[in-house]
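The next block holds one structure in the form of structure tokens; read it before the comments.
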Amino acid sequence: MSKIRHTGIVTNNLKKSLIFWNKYLKFKIFKQADESGQLIDKIMLYKDVKVKTIKLKDSSGLIIELLSFKNSPRIKQNKIKPYSIGITHISLTVKNINNLYKFLIKRKIRFNSEPRVSADGKVIMTYCKTPEGAFLELVEEI
């Protein structure tokens with residue numbers, strides 16, 4: 001392995017997700033595509049896939065891929081908790097966590113708690129929910 005390429009996040013509200021990732025967290029859109037065909041059908045495990053993908057990049061090169069399926073089979077939304085088994089969150093290093101926290105709270109982003117100093121005293125951190133229902137850990141190095 002050489003690096004993690006990107007993180008894919010499925011959304012049922014592309015507009016709301018773009019506001020969060022692009023406008024609030026300053027990820028820039030660099031690629032959009034409408035995907036369908038045999039390859040994507042095989043990868044997604046159902047026939048006739050129609051998905052819009054939008055790739056966004058932050059200033060450090062971290063890539064988030066938003067996926068909006070137009071015709072996916074209906075399933076219940078995942079009820080992931082911070083302590084669930086498997087992948088539970090994405091973590092971003094930020095410059096001023098308190099300002100970002102206040103900014104996001106005003107925009108009705110839900111947090112598990114206000115920013116707190118970690119047990120080892122090296123970072124200030126908190127968790128919030130993304131519009132897609134995933135957890136996002138925000139960390140400021142002290």
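Counting begins at 1 with the first residue of the sequence. Since the structure is predicted, the reported quantities are computational estimates derived from the model, not experimental observations.
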Are Asn22 and Ile29 close enough, and set up right, to give a side-chain contact (heavy atoms from CB on, under 4.5 Å), and what steps lead you there? CA-CA 7 Å; Asn22 180 244; Ile29 296 170; 4.3 Å; yes
Within the 4.5 Å heavy-atom criterion, are [X] and [Y] side-chain neighbours or not?
X	Y	answer
Tyr127	Leu138	no
Met125	Glu137	yes
Pro82	Thr88	no
Leu66	Glu132	yes
Phe135	Asn112	yes
Leu136	Leu92	yes
Ile142	Lys122	no
Leu100	Leu25	yes

Using a cut-off of 6.0 Å, state whether more than 12 heavy atoms not belonging to [X] lie near its atom [atom1].
X	atom1	result
Lys70	NZ	yes
Ile85	CD1	no
Arg107	CZ	yes
Asn98	CG	yes
Ile43	CD1	yes

Going through the checks in order, is the side-chain contact (heavy atoms from CB on, under 4.5 Å) test met by Phe103 and Ile109? CA-CA 9 Å; Phe103 175 82; Ile109 301 302; over 6 Å; no
Centroid separation under 6.0 Å, is that true for the rings of Tyr101 and Phe111?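 Yes; Tyr101 has its ring centre under 6.0 Å from that of Phe111.
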Is there a donor-acceptor pair under 3.5 Å between the side chain of Lys129 and the backbone N or O of Gly133?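 Judged by distance alone, yes, a pair lies under 3.5 Å.
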Backbone N/O of Ile105 and side chain of Lys108: donor-acceptor pair under 3.5 Å: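 Checked: no pair found.
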Any side-chain donor-acceptor pair under 3.5 Å between Asp58 and Ser60?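 Yes, side-chain donor-acceptor contact under 3.5 Å.
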Between Glu65 and Thr7, does any side-chain donor sit less than 3.5 Å from a side-chain acceptor?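 Note: Glu65 and Thr7 side chains miss the donor-acceptor criterion.
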State yes or no: do Tyr24 and Ile97 share one hydrophobic cluster built from I, L, V, M, F, W and Y residues joined by side-chain heavy-atom distances below 4.5 Å, directly or via other members?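 Both belong to a single hydrophobic cluster.
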With clusters defined by side-chain heavy atoms of hydrophobic residues (ILVMFWY) lying less than 4.5 Å apart, directly or transitively, does Leu104 cluster with Ile19?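 Ile19 clusters together with Leu104.
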Gap between atom [atom2] of [Y] and atom [atom1] of [X] - 0.5 Å precision:
X	Y	atom1	atom2	result
Gln32	Leu56	CD	CG	8.5 Å
Ile90	Leu62	CD1	CG	7.5 Å
His89	Ile80	NE2	CD1	12.0 Å
Leu67	Ile54	CG	CD1	9.5 Å
Met44	Ser36	CE	OG	12.0 Å
Lys55	Phe27	NZ	CZ	14.0 Å

Cation-pi check, Lys50 to Phe69: give yes when NZ or CZ is under 6.0 Å from the six-membered ring centre and within 45° of the ring axis, no otherwise.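 No, a cation-pi geometry is absent between Lys50 and Phe69.
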Output, in order, the C-alpha distance, side-chain angles, deciding distance and verdict of side-chain contact (heavy atoms from CB on, under 4.5 Å) for Ile9 and Ile64. CA-CA 7 Å; Ile9 303 174; Ile64 299 290; 3.8 Å; yes
Show the nearest heavy-atom pair for residues [X] and [Y], with the distance to one decimal.
X	Y	result
Leu14	Lys52	CD2-CD, 3.6 Å
His6	Gly8	CD2-N, 3.9 Å
Tyr46	Ser72	OH-CA, 3.3 Å

Would Thr11 and Asn13 count as a side chain to side chain donor-acceptor pair (under 3.5 Å) here? Give the steps. CA-CA 5 Å; Thr11 180; Asn13 187 331; 5.8 Å; no
Does the pair Thr126 and Glu114 meet the rule for a side chain to side chain donor-acceptor pair (under 3.5 Å), with working shown? CA-CA 6 Å; Thr126 188; Glu114 64 277 357; over 6 Å; no
Lys/Arg N to Asp/Glu carboxylate O, Asp41 vs Lys47, below 4.0 Å: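 Lys47 and Asp41: not salt-bridged.
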